[in-house]
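A quick write-up on the structure given underneath.
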Number of protein chains: 2
Amino acid sequence: MATAPQEVCLTDNLMHFMALSDTDMHLLAELEQTPQPVSRGQTLWKAEDVPRTLYTLRRGWAYSMHRSESGEGQVLDIFLPGDLMGIRELTLPAHSTDVVMLTSGVVCPFPAERLLDIFQHSPSLTLAIHAAAARQQVIISKRLVNILRHDARARIAHFVLELYYRLKRVDESVHRDFSVPLLQSDFGKLLGMTKVHVSRTLGEMESQGLLRKTRKDIQILDLERLLEISAFDPMKLTDQLNPTLTAALFPSAPT
Amino acid sequence: MATAPQEVCLTDNLMHFMALSDTDMHLLAELEQTPQPVSRGQTLWKAEDVPRTLYTLRRGWAYSMHRSESGEGQVLDIFLPGDLMGIRELTLPAHSTDVVMLTSGVVCPFPAERLLDIFQHSPSLTLAIHAAAARQQVIISKRLVNILRHDARARIAHFVLELYYRLKRVDESVHRDFSVPLLQSDFGKLLGMTKVHVSRTLGEMESQGLLRKTRKDIQILDLERLLEISAFDPMKLTDQLNPTLTAALFPSAPT
DNA sequence: ATCGAGAGATAACATGGGTTATTCAAGGTA
DNA sequence: TACCTTGAATAACCCATGTTATCTCTCGAT
């Protein structure tokens, strides 16, 4: 077990799928000039707020949740270190979810207008940010497809693999036993089932030798079978940019 | 009944939430220079294809669907006239869904690199395109939240309202009785239920005076109650741009 | 008109997951 | 240490939805 959660910045994230020029790195670094510690449970924004500030998440986990009048809420996003938070709602007149820290951590807030500067000064960085936003959407779309077609066990398998591969992407040291600050009830809010059924299903999955979730972490016991029952697509490919665009962006560079 | 589906172009769509300069309109018009008729059932792209071409949909409906080895597929997007198709996967190395015409119609294909030109020449249009992409994602996120928390009846209510408001946005003439080229099985693939249960539930909803779906169209019988049971958010607000950004973009203009 | 294929309706039955309640375990606090 | 709060496990029961199988209707093709 034991992941060493060193800090991850947005640059680390974007560099995964795109080469950045020095100018671009400099522009990005400006966004992350004001790291700010945040505590577990702290709210970064609430539904109905006008989006004014974007955040990069350097350390810790956060989630976004849609709260319904009828009491309970549904979780939409899980944000991990390196993620850019708020890009989806940047152009909307109001947020529709609350965003709350799941752990203590460090975020870098910056004003939304700053992105307009980037749009003006760097087409390649514009593309990189669009690519980051698209990848967040892909995660949600895959979760939707997964939920549309699978039962409780496969939903959990899929989501655990989502976390595993996303974490490994930004932190090579992540092991098959990794720390996860999510409760069973959070799983329920993410996957559309009650916490009672999450508990039942986790028990079943452990007895089947698939995975083990404790209060603080998750152990993947049988990666092969989890991939199989969830039909998870490891999306290694997602870490590459569309080659057509690469060619257009860097006409001189080799493919 | 009787909607008169005149053609809708991307400009009509983007203008809904953002003022466009003459230069911007000119750039957009260039994208739509090559209208091309397409027939019902025609495939625009398939999963695994490398994204090279984007399409604007000027007339007709299309859908994107994730096909699983195990036979059936799940529908992710419904595209309506005025929509930009392919923006989500623009930066990805491969498509993950098929896109197929639900009706005959007209599309305007243009090469993906063309968007890079736009990123270079017009920050405001860049923002508009980002806004359009974000709005498509909002639609999917709302559908996910809806599916996470609601039963079959509310899922159908929510989806019908989604269609109703999206259609009305681009075509004022849309009435509470509007044409919908979707089968009951399509509803199932969109909402995560079997066509048998869709049929049962539609029957129930008709007998409750909520709505009536025939082979070709849908009649909304009780808008109020549909809004209530689905907790649908009419997202009129979505047609406005974030005022913070508007102020930054057009510092001289009045709010 | 006739025919056939695909869409929708319906019914009987099976089951996954929701509901409610209770007990148990763990961690934080005085 | 003892206490208290919160999360997890478990059980009994019930209902919404899935499954399978006909049957009927509509519409397009000949």
Side-chain angles (χ1 to χ4, degrees), chain A residues 39-41 63 68 70-75 100 102-104 146-159 179-208 211-219 229-230, chain B residues 39-41 63 68 70-75 100 102-104 146-159 179-208 211-219 229-230:
Chain A
S39 56
R40 191 182 110 95
Y63 68 96
S68 32
S70 52
E72 277 311 276
Q74 295 76 40
V75 174
V100 179
L102 274 161
T103 66
S104 63
N146 168 45
I147 286 170
L148 287 179
R149 68 193 226 223
H150 286 313
D151 65 1
R153 194 182 64 147
R155 287 183 191 187
I156 289 178
H158 186 102
F159 175 59
S179 117
V180 173
L182 292 169
L183 306 176
Q184 292 188 351
S185 57
D186 296 322
F187 273 58
K189 288 171 198 157
L190 266 155
L191 302 177
M193 50 210 264
T194 61
K195 60 188 181 178
V196 177
H197 199 55
V198 171
S199 174
R200 273 197 286 243
T201 309
L202 283 174
E204 177 195 327
M205 293 177 85
E206 180 173 346
S207 78
Q208 291 169 342
L211 60 80
R212 213 171 101 78
K213 173 167 188 337
T214 65
R215 215 170 262 252
K216 302 237 173 261
D217 40 61
I218 288 183
Q219 270 181 55
I229 66 182
S230 68
Chain B
S39 56
R40 192 182 110 96
Y63 68 96
S68 31
S70 53
E72 277 312 277
Q74 294 77 41
V75 174
V100 179
L102 274 161
T103 66
S104 63
N146 168 45
I147 286 170
L148 287 179
R149 68 192 224 224
H150 286 314
D151 66 0
R153 195 182 64 148
R155 286 182 191 188
I156 289 177
H158 186 102
F159 176 59
S179 117
V180 173
L182 292 170
L183 306 176
Q184 292 188 350
S185 57
D186 296 323
F187 274 58
K189 288 171 198 158
L190 265 156
L191 302 176
M193 51 209 266
T194 60
K195 59 188 183 178
V196 177
H197 199 55
V198 172
S199 174
R200 272 197 288 243
T201 310
L202 283 173
E204 178 196 326
M205 292 177 86
E206 179 173 345
S207 78
Q208 291 169 342
L211 60 80
R212 213 171 101 79
K213 172 166 189 337
T214 65
R215 215 170 261 250
K216 302 237 174 261
D217 41 62
I218 288 183
Q219 269 182 56
I229 67 181
S230 67

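Below, read A as the first sequence line, B as the second, and so on, with proteins coming before strands; counting in each chain starts at 1.
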For this session: Answer whether the closest heavy-atom distance between the side chains of I156(B) and M193(B) falls below 4.5 Å.
Result: yes
Seminar exercise, completed: dist D151(A):CG -> T201(A):OG1 (nearest 0.5 Å) comes out at 8.0 Å
Problem set entry | Beyond-backbone contact of Y63(B) with K189(B), side-chain heavy atoms, under 4.5 angstrom | no
For this session: For the residue pair H197(B) and R200(B), confirm or rule out a side-chain donor-acceptor distance under 3.5 Å.
Result: yes
Problem set entry | R212(B) side chain vs E206(B) backbone, donor-acceptor pair below 3.5 Å | no
Problem set entry | Per-nucleotide protein contact string for nucleotides 6-22 of chain C (B base, S sugar-phosphate only, - none; heavy atom under 4.0 Å) | -SSBBBB----BBBB--
For this session: Would you mind reading off the distance between M205(A) atom CE and dA9(D) atom C1', rounded to a whole angstrom?
Result: 17 Å
Seminar exercise, completed: From CG of L191(B) across to C1' of dA16(D) the rounded distance in Å is 16 Å
Exercise. Do L148(A) and L190(B) have side-chain heavy atoms sitting under 4.5 Å apart?
Worked result: no
Problem set entry | Separation of dG7(D) P from F187(A) CZ (nearest whole Å) | 15 Å
Seminar exercise, completed: Separation of dA16(D) atom P from I156(B) atom CD1, nearest Å, is 15 Å
